[in-house]
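Quick notes on the structure that follows.
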Amino acid sequence: MQFHNSLTGRKEVFSPREPGRVQIYVCGVTVYDRCHIGHGRAYVVWDTLRRYLEWRGFGVQYVQNFTDIDDKIIQRANQEARPWQAVVEDNIQSYYADMALLNIKPATLYPRAMESVPEIKDFISALVDKGYAYAAAGDVYYAVRKFDSYGKLSGKKIADLEVGASERIVQEDLARKRDPLDFALWKGAKPGEPAWDSTFGSGRPGWHIECSAMIAQHMGETIDIHAGGEDLVFPHHENEIAQSEALHGHPLANLWMHNAFVQLNGEKMSKSLGNFITIHEIATKYHPLALRLLSLQSHYRTAINFTDESLAAAARSWKDIEQVIQFGYTQNFGASGEYVTAYVERFTEAMDNDLATPQGLAIIFELVKQLLPERNRLVHGGALMLDLATLAMLWRTLIYLLEPLGLVGTPAFALEPGQAFTENRIAPQEIAALISERRAAKQNKDYATADQIRQTLMGQGVVLVDSRDQTTSWHWQD
RNA sequence: GGCGGUGUAGCCAAGCGGUAAGGCAGGGGCCUGCAAAGCCUCCACCCCCAGUUCAAAUCUGGGCGCCGCCUCCA
């Protein structure tokens with residue numbers, strides 16, 4: 001099993017520190033707003049990593065934080081004229097709901113930064129004691145130049161950074177910092193903002209220190225995998241490394257993995273740019289697993305350009321998979337039994353190669369392509385081409401392979417997809433009446449009337465299927 | 001400007017030196033009163049130029065385009 005390590009820039013054989021056990025930490029969201037489809041892609045990717053490792057037999061500790069204090073949260077609370085805690089709580093609940101839509105397994109632990117303030121303060125004190133950090137007028141800064149390997153993750157050199165930093169420096173911060181590159185570990189309290197007491201004075205933690213402190217608190221000094229969005233490589237993850245490795249003297253994580261972004265019209269989608277579509281919004285129009293499928297159709301290190309066309313295509317593909325899944329359940333093919341090992345081997349080989357989900361999905365579609373026509377033959381009254389035992393084995397293999405991709409199971413849907421269309425459906429008795437009316441018309445060779453009835457029902461989402469034996473069956477369009 | 005990534009059909013995408021997987025969309029045919037479903041079938045000068053090689057989408061060199069990071073951001 002190989003994964004791409006951002007630290008070395010190449011694929012490496014994966015070997016956890018303890019055999020059979022993997023610790024993964026993923027940087028979570030700052031909870032001042034709802035999640036957009038970019039967040040969805042990111043967490044689908046890391047959930048798939050987690051599921052795949054579990055599928056391969058590892059025990060996985062998956063920890064993902066919430067940043068629950070920050071300038072934007074304070075700003076949002078002021079706008080909405082309510083406590084920052086309320087903004088945080090609402091958005092965390094929305095986060096859980098949105099992730100459930102995408103069939104993302106709950107993390108082992110969701111630590112919140114504000115629950116770890118004591119640990120954060122201790123961490124900062126220890127860095128000060130070791131000479132890596134210094135207090136300045138109520139703030140505490142990390143002295144970047146003290147950490148020799150600063151820049152090793154992002155490939156940046158201190159000399160290159162100086163230019164950028166000096167151009168954008170905020171004058172009042174510069175006055176306190178010994179060096180423009182230094183970053184805040186503790187921010188001195190400002191009037192009217194939430195603050196916590198500390199030996200450095202009243203204030204709140206900087207963003208980067210949260211993750212370092214919470215990883216140490218909940219997972220240990222070195223973990224197997226640290227993951228997050230590629231935008232976090234610099235400065236966030238670089239700073240985490242500087243903090244944790246300066247204090248502990250050994251690697252924070254052996255493997256660093258980063259997901260590429262979702263673009264909208266060729267441009268980065270982000271809260272800052274304001275060009276985002278929320279997961280919630282998508283789920284009212286499409287089955288949310290179509291979004292999961294779309295995310296997995298691209299490799300996690302490749303940008304996805306999100307368009308209506310690509311989502312619509314994914315929705316059609318998802319419908320095929322969904323129909324095949326349903327087919328097996330109605331046929332009672334059973335979840336246990338033999339698999340077609342050739343498919344399992346090819347799937348495993350693809351996924352072992354840096355989580356190559358597009359190739360994994362190609363194998364999924366090979367199975368779907370065999371099963372779907374059989375399902376359709378059955379629905380439309382034709383005879384099956386394959387025997388049931390073979391179909392059952394193919395179906396079981398499909399279900400088995402869909403599991404690590406998170407495309408099967410029972411997602412806790414907060415919204416019923418397509419609910420708007422199902423509420424006012426035509427009654428089956430009415431359909432039956434129209435079918436017999438149409439049969440009479442057909443017998444009289446009144447095809448105009450027959451076609452009109454077909455059209456009418458089609459408008460109601462009902463598809464009529466004529467069989468050779470003069471009978472007509474029907475099913476919902478979706 | 002520095003660092004990183006990427007460029008394969010209308011769209012997504014595989015490919016890791018041996019003559020272009022798979023999916024979506026689309027075209028044609030058989031079947032059908034019309035449909036649906038099924039079956040058959042069609043659909044790529046691999047960003048450009050120059051090398052290496054018997055052989056290159058794949059390797060080397062040089063261009064060009066797009067994206068990201070360098071500032072809060074998955």
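What you see is a predicted model, and the numbers here were worked out from it, not measured in a lab. The sequence lines fix the lettering, A, B, ..., with proteins before strands; numbering per chain opens at 1.
Within the structure, a side-chain polar atom (N or O) of Asn376(A) is placed less than 4.0 Å from OP1 or OP2 of G38(B). For the OP1/OP2 pair of A25(B) and a distance below 4.0 Å, the side-chain nitrogens and oxygens of Arg316(A) include at least one atom meeting the criterion.
Residue side chain Asp451(A) reaches the base of G33(B) through a donor-acceptor N/O pair under 3.5 Å, judged by distance alone. Between the base of C72(B) and the side chain of Asp70(A) there is no donor-acceptor pair shorter than 3.5 Å. With hydrogens and angles ignored, no donor-acceptor pair under 3.5 angstrom links the side chain of Arg377(A) to the base of A37(B).
Checked against A21(B), C16(B), G10(B), the side chain of Glu309(A) finds its nearest nucleotide in G10(B). For Phe365(A), counting side-chain heavy atoms from C-beta on, the closest listed nucleotide (G22(B), A13(B), A74(B)) is G22(B). Checking C72(B), A74(B), C24(B) against every side-chain atom of Pro235(A), the shortest atom distance belongs to C72(B). Nearest nucleotide to the Asn353(A) side chain, out of C34(B), C16(B), A14(B): C16(B).
Both cation-pi conditions hold for Arg50(A) and Tyr62(A): the charged atom is under 6.0 angstrom from the six-membered ring centre and inside a 45 degree cone around its axis.
Within 4.0 Å of Gly40(A), counting heavy atoms only, lies no atom of the nucleic acid at all.
When each of Tyr43(A) and His4(A) is assigned the nucleotide of RNA chain B with its nearest heavy atom, His4(A) is the one assigned upstream, toward the 5' end.
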